[in-house]
Amino acid sequence: MTYILGISAYYHDSAAALIDNGHIVAAAQEERFTRIKQDCRFPVHAVSYVLEEAGINLDQVDQIAFYDKPYLKFERLLETYHAMIPKGLASFLSAIPIWIREKLFMRQELNRALKRFGTKIPPLYFPEHHLSHAASAFYPSPFNEAAILTIDGVGEWATTSLAHGKNHEITVLRELHFPHSLGLLYAAFTAYCGFRVNSGEYKLMGLAPYGQKNSKRVKHWKELIYEHLIDLRSDGSMLMNQKYFEYATGLRMYHQKRWQQLFGIPPRQPETEISQEYMDMALAIQEVTEEIVLRLVKTVIELTGCRNLVMAGGAALNCSANGFLLKQKLFDQLWIQPAAGDAGGSLGAALAVHHIVNGNQRNIVSNNDQMQGAYLGPKFNSDDVTRTAKRYKAIYHTLENRDELCDIVSDLIADGNVVGWFQGRMEFGPRALGNRSILGDPRNPDMQKRLNLKIKYREGFRPFAPSILESEIKNYFDIDTISPYMLLVAPVTSKLLNSLPEKYDELPLYERLYFQRSKLPAITHVDYSARIQSVNETTNPEYARLLRTFQKRHDCPVLVNTSFNVRGEPIVCTPDDAYRCFMRTEMDYLVVENFLFNKKEQPNFKERTNWKEIFTLD
Amino acid sequence: MSFLRDLYGFFMTRKKFWLTPIIIVLLLLGLLIIFGSSSALAPFVYTLF
């Protein structure tokens with residue numbers, strides 16, 4: 001047995017992953033345990049959990065991998081400040097003390113943090129940030145050979161990397177370096193449209209379909225982006241005009257005055273109403289992003305001569321771009337790491353040490369990937385649930401027969417109830433895939449509004465995703481592959497669509513949103529698309545059973561699946577978290593393993609603190 | 001010691017020796033800040049300014 005512990009920390013979304021001879025034993029994000037969204041501190045709880053899952057302590061771990069090279073990052077910081085001097089002094093003065101105190105001494109910092117888990121610290125390795133992403137994309141994939149594309153904000157120097165994976169080796173072929181970064185370009189638009197950088201990017205993506213496609217404004221703004229903000233080359237590489245950006249030296253993403261002059265609108269203030277201009281801006285940058293990713297994919301396929309593509313890095317979570325890529329038919333197969341962000345870097349770093357440093361061959365046994373459905377987190381037993389019930393004096397019903405449980409839950413969902421569904425191991429990565437999910441009936445015309453405003457307490461425009469039985473995917477969506485990790489967007493099949501009224505595009509946002517576009521209105525976005533999760537009977541038998549029951553009893557193999565949390569809260573981890581979230585919202589029922597909680601039967605729920613103040617808006 | 005070994009390895013790999021004085025000055029400043037806050041060394045630090 002060879003255990004390797006992977007760690008990502010000190011930037012955002014800390015996580016730990018443990019592999020045993022290349023097999024993924026466990027992986028989890030620190031935020032789920034500390035309840036602090038994108039917690040960046042050393043992942044004490046996550047490390048503790050992954051070791052516990054394997055039944056070992058740190059003394060039995062053979063190697064530790066940290067997901068980036070701190071010295072190389074420091075070199076980038078110094079060179080950037082040097083190149084931009086005298087600009088960036090404020091940023092320099094705020095960043096350098098942290099580096100001098102902690103980050104430059106990362107080995108010592110990690111040793112100190114890890115001491116509590118054992119008596120000796122195993123050898124430490126520091127694979128590069130983008131190599132960690134590339135490893136997280138290639139090694140767990142079902143391919144023996146693949147073209148690898150990783151895109152994010154920035155690692156050490158690299159912001160995009162094109163690589164070739166074959167057997168157990170990864171060869172980096174090309175890199176795009178800071179300050180030229182697709183991730184940072186998208187983040188600048190995220191900030192300009194009033195969302196938080198590093199967490200609001202997916203909202204910008206959700207907003208883009210409300211933009212008026214082919215309108216004069218969108219076309220004009222795309223031209224402005226190409227002309228003034230970026231110099232895009234045919235291979236997908238680009239230079240960003242630093243006159244318009246401040247992220248390299250300042251504490252803001254964009255140069256406000258110059259952007260305002262260029263686009264003619266001021267930055268949107270967070271939480272204010274979203275006007276059509278910002279929707280068009282979201283669409284313009286989404287279309288530019290898709291063009292850039294398309295060129296990069298063409299290049300990496302050309303360079304590697306390989307028609308299997310794997311992707312990771314924060315930009316790989318842009319499922320609209322992924323869906324767009326799929327339509328282009330540039331490759332035979334696509335696999336995207338479900339924990340594509342920095343959390344997944346912990347897993348990638350561990351796998352990089354196993355295959356590259358230790359030289360171990362891969363063991364691909366079937367067409368399945370090695371992620372085990374991304375169900376790599378903790379699970380809880382009946383004793384844990386009864387303890388929670390006791391603590392809150394909660395009333396519950398125990399249903400030992402799983403078929404009976406699924407019958408009851410599917411009937412409740414069909415009656416318009418919203419159900420919290422908590423089963424088995426927690427998901428690794430940003431998506432809830434049916435083990436920590438809130439479920440509803442996609443045919444219900446009020447479901448989207450209700451889920452957004454009364455359950456999730458988030459912006460009304462935000463779309464919801466469907467879960468569907470893998471065997472039914474082609475009957476409901478125009479897609480010719482599976483989408484197990486909710487990372488692909490595809491159109492709802494035409495036979496389910498309703499025709500649009502005249503001048504639909506000119507209607508206000510919420511009138512467009514609440515128009516019943518299809519037979520599954522809750523999961524059909526304004527552009528008729530959906531972010532699909534296909535559920536496999538083997539990977540998640542319990543969730544598949546519920547979907548099958550819903551189909552049998554109510555003639556629909558689709559459910560609305562949204563993550564089990566409220567806005568700004570990390571997805572629930574324990575039965576305690578789930579019960580608290582259930583009681584804070586207008587959710588109707590909660591199912592934790594075999595226990596069913598009915599909201600109407602619960603005692604009064606009082607909390608000492610106001611959760612709306614604890615969870616900062618994202 | 002491991003820090004100095006890592007730093008040496010970094011310089012030998014990257015060969016960006018022009019960064020050496022910057023890093024040394026920053027590290028000395030860092031030491032000054034750390035030890036400057038402890039009472040035993042404070043008088044020596046004050047005399048430097």
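Order of the sequence lines fixes the chain letters, A, B, ..., with proteins taken first and strands second; residue numbering starts at 1 for each chain.
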task = Under 4.5 Å heavy-atom distance to chain A, tell me which part of B/I22 shows up: side chain, backbone, both or neither.
result =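 When you check distances to chain A, only side chain atoms of B/I22 fall under 4.5 Å.
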
ask   = Can you check side chain to side chain contact (heavy atoms under 4.5 Å, CB included) on B/F11 and A/E75, steps first, answer last?
value = CA-CA 10 Å; B/F11 279 124; A/E75 176 194 291; over 6 Å; no

Looking at [X], I want to see if its [atom1] is surrounded by more than 12 non-hydrogen atoms of other residues, nucleotides or ligands under 6.0 Å.
X: A/K87; atom1: NZ; value: no
X: A/R107; atom1: CZ; value: yes
X: A/Y11; atom1: OH; value: no
X: B/Y8; atom1: OH; value: no

ask   = Relative to each other, are the rings of A/Y71 and B/F10 parallel, tilted or perpendicular (30° and 60° limits)?
value = perpendicular

query = For chain A, which of B/L7, B/L19, B/I23, B/L27 has the most heavy-atom pairs under 4.5 Å?
reply =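 Greatest number of close heavy-atom pairs with chain A: B/L7.
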
request  = Please step through side chain to side chain contact (heavy atoms under 4.5 Å, CB included) for the pair A/L78 and B/L26, ending with a clear verdict.
outcome  = CA-CA 11 Å; A/L78 289 183; B/L26 285 172; 3.8 Å; yes

